[in-house]
Asks: 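One structure, as structure tokens, below. Some questions next.
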Amino acid sequence: MKFRALINSALIIASITFMPRIAGAQTVNNNNGSYLQPFNIVFLAYQGYLEGQGIPSMGTLLYEYQIGKVSAKDVVEAGVKAKRLPAEAINDKYYLSAVELQLSSLGNANTIYDYERE
């Protein structure tokens, strides 16, 4: 239980530390234009900035991703609707793959505790 509290505290501190930078967010340049970094769009979703577009936040996002209810494409589409990403991002397989990796990594960080209990 202490380890889970430590992980949650680290996420909260990271949120406070990085949020001002993410709000002004870094972009990725590719042939189709500039996008937010995949980490940034996933982090914005995690923090609740895409709830208005139907993407849940925090633990609910992780859970729904793990059970297949939310996908990387869903997050990218929500980013487009929220005007955080250009429409071309939906068809960029490399960007979608990177968002998928970020969602998976975020989900794996929260399951470390479960492995420790076994």
Side-chain angles (χ1 to χ4, degrees):
M1 188 66 175
K2 290 181 184 180
F3 186 70
R4 186 166 182 84
L6 178 66
I7 294 281
N8 288 337
S9 296
L11 286 172
I12 290 169
I13 291 169
S15 299
I16 293 167
T17 303
F18 294 121
M19 193 39 92
R21 293 182 198 147
I22 292 173
Q26 301 171 359
T27 58
V28 173
N29 292 316
N30 63 17
N31 294 337
N32 297 326
S34 296
Y35 302 174
L36 286 176
Q37 293 279 350
F39 169 82
N40 292 339
I41 196 66
V42 170
F43 192 71
L44 288 173
Y46 184 82
Q47 291 296 311
Y49 286 88
L50 300 179
E51 285 182 317
Q53 288 71 39
I55 300 297
S57 64
M58 305 224 171
T60 306
L61 170 62
L62 299 178
Y63 175 72
E64 289 191 6
Y65 170 73
Q66 289 172 347
I67 65 168
K69 192 171 179 184
V70 172
S71 68
K73 189 167 185 172
D74 295 331
V75 172
V76 172
E77 287 174 347
V80 170
K81 288 178 188 172
K83 301 189 184 329
R84 299 281 186 159
L85 294 172
E88 301 86 43
I90 294 170
N91 298 317
D92 186 333
K93 65 182 180 180
Y94 298 108
Y95 190 77
L96 287 169
S97 178
V99 170
E100 181 81 32
L101 180 63
Q102 291 299 322
L103 283 166
S104 178
S105 296
L106 190 59
N108 288 338
N110 270 351
T111 58
I112 290 173
Y113 174 73
D114 293 335
Y115 293 125
E116 292 291 322
R117 289 181 17 184
E118 294 178 359

Asks: Using 0.5 Å steps for rounding, measure from the CD atom of E64 to the OG atom of S71.
Replies: 11.5 Å
Asks: Heavy atoms only: give me the nearest V75-A45 pair and the separation to one decimal.
Replies: CG1-CB, 4.2 Å
Asks: Please check if Y65 and I90 belong to a single hydrophobic cluster, counting links between Ile, Leu, Val, Met, Phe, Trp and Tyr side chain heavy atoms closer than 4.5 Å.
Replies: yes
Asks: With a 4.5 Å limit on heavy-atom distance, are the side chains of V70 and P56 in contact?
Replies: yes
Asks: As an exercise, state the distance from CD1 of I55 to OG1 of T60, rounded to the nearest 0.5 Å.
Replies: 12.0 Å
Asks: Quick one: does S105's side chain have a donor or acceptor within less than 3.5 Å of a partner on L101's backbone?
Replies: yes
Asks: Enter the distance from Q102:CD to I41:CD1 here, rounded to the nearest 0.5 Å.
Replies: 11.5 Å
Asks: Looking at NZ of K93 and CD of E100, how far apart are the two atoms once the value is rounded to the nearest 0.5 Å?
Replies: 15.0 Å
Asks: Roughly how far, to the nearest 0.5 Å, is CG of D74 from CG of L50?
Replies: 11.0 Å
Asks: Between Y46 and G59, which heavy-atom pair has the shortest distance, and what is it?
Replies: CE1-N, 4.4 Å
Asks: Show the nearest heavy-atom pair for residues V99 and A72, with the distance to one decimal.
Replies: CG1-CB, 3.8 Å
Asks: Quick one, L36 and L44 - any side-chain contact, counting heavy atoms below 4.5 Å?
Replies: yes
